[in-house]
Structures are given as C-alpha cells and as structure tokens.
Amino acid sequence: MNTIALHVNRRAVELSAEPRTSLADFVRDKLDLTGTHLGCEHGVCGACTVLLDGVPARSCITYAVACEGADITTIEGLDEDEVTTELRAAFTREHALQCGYCTPGMLVSARDLVLRLPDADERRIRVGLSGNLCRCTGYVGIVRAVQSVIEARRARNIAPQAGGGRTSLGPAGSGRAASGQIEPRPARQALVAASDSVVPGTIPDFTPATVLDQRFSLPYPPAKVFAMFDDFAGIAACLPGVSLAAPPRPECVEGVIRVRLGPIAASFEGAARVERDPATLSGRIVGIGTDQRNHSATQGEIRYRLIPLDGGAATSVDLSIGYTLTGMLAQVGRPGLVRDLARRLVAEFAGNLDRHMSGAPSGQAAPAELSFWSLASDVLRARLARMFGRVFTGKGGAE
C-alpha cells in the first residue's frame, strides 16, 4: 500500500492505495466522487475524463500514485465553474444528452475547448471531442452546445486562453517530473482538524453550493439574543449533534458535528471562524469539517441578523445557511429534502434556544447524534399529508 497525498476539488487528501489503483478507482472508491464514470477502462471512451493540474486526463489509465502532489478536479469540483455552468445550460438547451453516462467526461473535455479555441469552428470542436464517445446523441446537439458557448463568450470579449492551462509539453501531469523529483504538498493543511493548530485566518471564505434562508422569532430583546449568540457553549447545547472539542477561543471555535443518514454515520471534526458586528446586531460563522472514516467533507456558513419586534421586546432572527458537502453523504442528499430538514432543524434549535434563555429546564437534552433518518420520516409524513390533502380538497371541490 502507498500513501498518496494530493488535492481533489480544492481539498487536501491523504489516503492509502495499492500501487495498481487507477485515479478513477481512487476518486470513486476512496472519495465517493462517483460523477467520474468508468466505461472502457482502456482510455478510449473518455467517460472517466478529469482535470489533472488543469488539463483533461483519462483517469482510468492514470495511476493514482503517479498523481502525488497533483491538483485533481472531478465533475463535482466544477459545480461553481463559470464555463461548466454555461455548458450545462447549453447541453440542456440543445438536447445534448440522453442517458447521460458520457456527459461528465464530455463536459470536462468541452470546457477545455471553450477555454482554448479562438472561435466556434465545428471541425475543430469535433476533433477536440473525438476522444469522448457517446452512444446516444449522434453528437450534433453536443457540438451545437459547445459552439453556442464559445460564440457567446467571444461575443462578450472573453479571449481564449493559450494552451488552456497547459504549462509544459507532454502528457497531463508530466511537468511534475521536470525537476527530477516530486515535492508533495502538505496534505493536512487544508483539512483543519480540531486541534490547537487552528488559528483565526486559517479557515477560508468559500462560495456555498446551496443556500437556505430561514427565520424564527424569540420573545427577548435583540441585545439579550445577541449576547446569547456569543455564548458558544450554550449555542452548541441547543444544536442537535453538536459538541465543542475544546474551550472556545476569541473568533475561533473547535467542535464536532455527528450526523446519521440511514446506515451512514459521520463525525465531522473541524473549526469555525466567528465574526460579530454589534453595531448591526449581525454575525457570520464560517466553518469546515472532515470525516476521515467515510471521506466526507463539508464547508458551511451561517449569517444571522437580529431585527427588533414589538418595540424591541422581541427579536426576529434571520438566518442564511450555506453549505457545500462532498463525499458519501453528498451522494444521498436531495435539495428538496435538505430544505425541509433545515426548516425542522432550525425550528428545533429555536425551541431549545428559547428554553435555554428562559432558564426553564429543557424537556430533553439535545441528541448526541443528529439523525436525519428520524427527521426525514417526519418530513415525508408531512409531505404525504399535504399531497393527499390537496387531492381530497380538489375532489371535494369538483363534486
């Protein structure tokens, strides 16, 4: 077994793998990034195409150990990429996919063409995509989609990039051997763990993949609620599955979030950077966490703002919750269900917070593990009740 240290989708990874393990099997089996598809496993069909140091590469014929210290970007890592976003919209508009199996690799290769080609030349696009096979579409819609994105970007005066990110000749990643040795990057640096090494400033800003807005009210003045938000131990006690790993430090909190989704359990260890603005009664918490057991990782951001109600006797708490989740848990999440779960979790947090601030004994302690399964059951029951309610209401109206 070899220990491999590399960066995948802007996150540091250090895992063991057999020397014969392909990069495709590594990201799929070790990191649960199953958007990288395996087809021929001979480097012919292109379904497994990923970015290796910014350049498209066949991950099925690339050994993971050969990528030591490299930057790998799978299709999941391109969710916020501007070019890929435009290509996805164009693929939908031009009916450029059917079964979708080739689409992740096709998008990675198409993105490279959009960056490099000076104009929307059909012949060059077809040549550039000749290494990506599609059994469904006949390629016409795919070519039209790529053409439309290139035309739109050049019309906006976005110039092509010479080489599309290539800095050396030879196969993708070969430039790492130019100096005669590989200098791997410190793989643990980006995975901030709950340890004394965490200091303010090491937790970066990010653009959340999903943002949820929530609101609840409390029967206490804004100043009292704002002071409560500075009591990290008290806040943690009100959040299901959350516990502090160490005494809070100014502007930085270390903790653990335990989550269970059906048979999948995760324990995210990490830290959060805390920002507060007393003048506007607002604040921001930015955190990152990793679960080493199932290789899931998350970034989260909570923005809150307190608004006086009833002449200052009560407070409306406006929350904006943003997060990005990768790994095994990300494979089973659905946006609609997550929104419903977030509403229930915020409601539970608000109730716990109200009881904590009133000094009344809470009915039960916050669970040591946040079980999405039990919450999901309640959400599904509520959805079914709403659905059947609409059906019977509509039937009654017709009669």
Side-chain angles (χ1 to χ4, degrees), residues 6-10 23-24 27 35-37 39-40 43-62 66-67 70-97 100 102-134 137-178 207:
L6 67 166
H7 284 69
V8 180
N9 297 338
R10 300 176 298 280
L23 179 59
V27 298
T36 299
H37 292 168
C40 66
V44 175
C45 73
C48 68
T49 306
V50 299
L51 293 178
L52 171 54
D53 289 333
V55 179
R58 300 287 196 265
S59 61
C60 74
I61 56 173
T62 301
C67 299
D71 280 311
I72 308 298
T73 304
T74 68
I75 190 65
E76 292 91 345
L78 295 173
D79 281 349
E80 303 300 322
D81 179 72
E82 177 183 312
V83 177
T84 308
T85 299
E86 294 181 31
L87 280 168
R88 284 194 176 104
F91 268 53
T92 301
R93 183 176 63 250
E94 299 293 343
H95 306 289
L97 70 161
C102 73
T103 305
M106 193 74 73
L107 285 170
V108 174
S109 296
R111 176 185 179 274
D112 179 64
L113 292 178
V114 171
L115 290 175
R116 290 191 298 109
L117 295 186
D119 52 54
D121 183 284
E122 180 180 350
R123 185 188 65 82
R124 296 182 68 181
I125 292 172
R126 287 185 175 274
V127 170
L129 292 178
S130 60
N132 292 76
L133 304 183
C134 175
T137 65
Y139 304 99
V140 175
I142 295 173
V143 173
R144 281 202 306 256
V146 178
Q147 280 182 306
S148 68
V149 173
I150 294 176
E151 289 173 351
R153 291 178 67 83
R154 300 302 173 257
R156 300 200 305 267
N157 294 321
I158 301 176
Q161 298 178 11
R166 293 162 174 78
T167 58
S168 61
L169 296 176
S174 61
R176 295 192 166 273
T207 301

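Only this structure's heavy atoms are used, side chains among them; waters, hydrogens and symmetry mates stay out. All of these numbers come straight from a predicted model, not from anything done at the bench.
- Remark: I61 pairs with R58 by the side chain to side chain contact (heavy atoms under 4.5 Å, CB included) rule, at least two apart or across chains.
- Qualifying side-chain hydrogen bond (donor to acceptor under 3.5 Å, both in side chains) partners for E86, counting only residues two or more places apart in sequence or in other chains: R153, R156.
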Handout entry: N9 vs T74, side-chain contact (heavy atoms from CB on, under 4.5 Å): CA-CA, chis, key distance, verdict
Key = CA-CA 7 Å; N9 297 338; T74 68; 3.0 Å; yes

Exercise for the section: Check step by step if side-chain contact (heavy atoms from CB on, under 4.5 Å) holds for L6 and D71. Expected result: CA-CA 6 Å; L6 67 166; D71 280 311; over 6 Å; no

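- In this structure S59 satisfies the side-chain hydrogen bond (donor to acceptor under 3.5 Å, both in side chains) test with no other residue, sequence neighbours excluded.
- Using a 4.5 Å heavy-atom threshold, the side chains of V143 and E122 count as touching.
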Practice task
Determine, stepwise, if the pair E82 / I158 fulfils side-chain contact (heavy atoms from CB on, under 4.5 Å).
Solution key: CA-CA 12 Å; E82 177 183 312; I158 301 176; 4.2 Å; yes

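- Proximity of R88 to D79: side-chain heavy atoms (C-beta onward) are separated by under 4.5 Å at one or more points.
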Exercise for the section: Step by step, work out the side-chain contact (heavy atoms from CB on, under 4.5 Å) result for T62 and C67. Expected result: CA-CA 8 Å; T62 301; C67 299; 3.7 Å; yes

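- Counting only heavy atoms from C-beta outward, the side chains of L107 and I75 approach each other to under 4.5 Å.
- Residues passing the side-chain hydrogen bond (donor to acceptor under 3.5 Å, both in side chains) test with R93 are S148, sequence neighbours excluded.
- Evaluation of the side-chain hydrogen bond (donor to acceptor under 3.5 Å, both in side chains) rule for D81 yields T84, R111 as partners, not counting sequence neighbours.
- Shown here are the side chain to side chain contact (heavy atoms under 4.5 Å, CB included) partners of L97, two or more places apart in sequence or in another chain: F91, T103.
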